[in-house]
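Take a look at the structure set out below.
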Amino acid sequence: MDYKIIYELVRQIPRGRVATYGQIARLARWGRRARHVGWAMHACPDDVPWHRVINSKGEISRRASSDHHELQRLLLEAEGVRFDHRSRVDLERFSWER
DNA sequence: GAAGTGACAAGGT
DNA sequence: CACCTTGCCACTT
């Protein structure tokens with residue numbers, strides 16, 4: 001498979017915006033392989049803003065180690081993305097529109 | 001090669 | 001809004 005497409009797209013997410021896995025999957029014409037976008041992120045090259053990719057609920061998905069999702073939130077907040085009291089992003093305002 | 005797993009999504013309740 | 005169920009498919013046992 002070619003995860004390059006995914007990385008290209010993620011790289012295009014502007015600062016202060018976020019995208020969902022499904023959104024990336026659709027843009028990459030991966031159909032319903034949203035799940036694998038996450039897998040692609042697992043190999044995330046350093047120049048990919050992986051923190052701007054979250055799940056469809058606006059929540060930060062966590063991997064095995066818990067410290068990383070803290071970092072992800074900090075990075076996003078540093079870019080101006082606001083979280084509500086439930087640690088969720090208002091996708092209406094912050095989702096990346098192509 | 002079968003079964004289990006996962007940084008998910010959409011639709012129903 | 002929250003929770004549950006189902007579909008998905010590459011990757012790992």
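Throughout, a chain's letter reflects where its sequence line sits, starting with A, and its residues are numbered from 1.
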Legend entry - The single option from A:Val37, A:Val48, A:Leu27 passing side-chain contact (heavy atoms from CB on, under 4.5 Å) against A:Val10: A:Val48
Inset, instruction - Respond yes when some side-chain nitrogen or oxygen of A:Ser56 is under 4.0 Å from OP1 or OP2 of B:dA9, and no when none is. - result: yes
Legend entry - Toward the 5' end of DNA chain B, by each residue's nearest nucleotide, A:Asn55 or A:Trp39: A:Trp39
Legend entry - Members of residues 25-38 of chain A that approach DNA chain B, where some heavy atom sits under 4.0 Å away: A:Arg26, A:Ala34, A:Arg35, A:His36, A:Gly38
Legend entry - Flag if over 12 foreign heavy atoms under 6.0 Å of CZ, A:Arg32: no
Inset, instruction - Could you list by number each residue of residues 77-89 of chain A showing a heavy-atom separation from DNA chain C of less than 4.0 Å, or answer none if no residue does? - result: A:Arg86, A:Arg88
Legend entry - Close approaches to DNA chain B from residues 8-21 of chain A, in residue order (heavy atom, under 4.0 Å): A:Thr20, A:Tyr21
Legend entry - Joint cluster assignment, A:Met41 & A:Leu74, ILVMFWY side-chain distance < 4.5 Å: no
Inset, instruction - Shoot me the first and last contacting nucleotide of DNA chain C against chain A, ordered 5' to 3', at under 4.0 angstrom to non-hydrogen atoms. - result: C:dA2 to C:dC11
Legend entry - Short side-chain to backbone donor-acceptor contact, A:Arg93 and A:Asp90, under 3.5 Å: no
Legend entry - Minimum-distance pair of heavy atoms, taken over all atoms of A:Tyr3 and A:Ala40: CD2-CB, 3.3 Å
Legend entry - Residues clustered with A:Val89, ILVMFWY side-chain links under 4.5 angstrom: A:Val18, A:Ile54, A:Ile60, A:Leu76, A:Val81, A:Phe83, A:Leu91, A:Phe94
Inset, instruction - Determine which pairs satisfy salt bridge (Lys or Arg N to Asp or Glu O under 4.0 Å) with at least one residue from residues 43-55 of chain A, sequence neighbours left out, and list them in order. - result: A:Arg11-A:Asp47, A:Arg52-A:Glu79
Inset, instruction - From the options A:Thr20, A:Leu9, A:Ile13, A:Ile6, select the one residue that forms a side-chain contact (heavy atoms from CB on, under 4.5 Å) with A:Val53. - result: A:Ile13
Inset, instruction - Answer yes or no: is there a donor N or O on one side and an acceptor on the other, between the side chain of A:Gln72 and the main chain of A:His51, under 3.5 Å? - result: yes
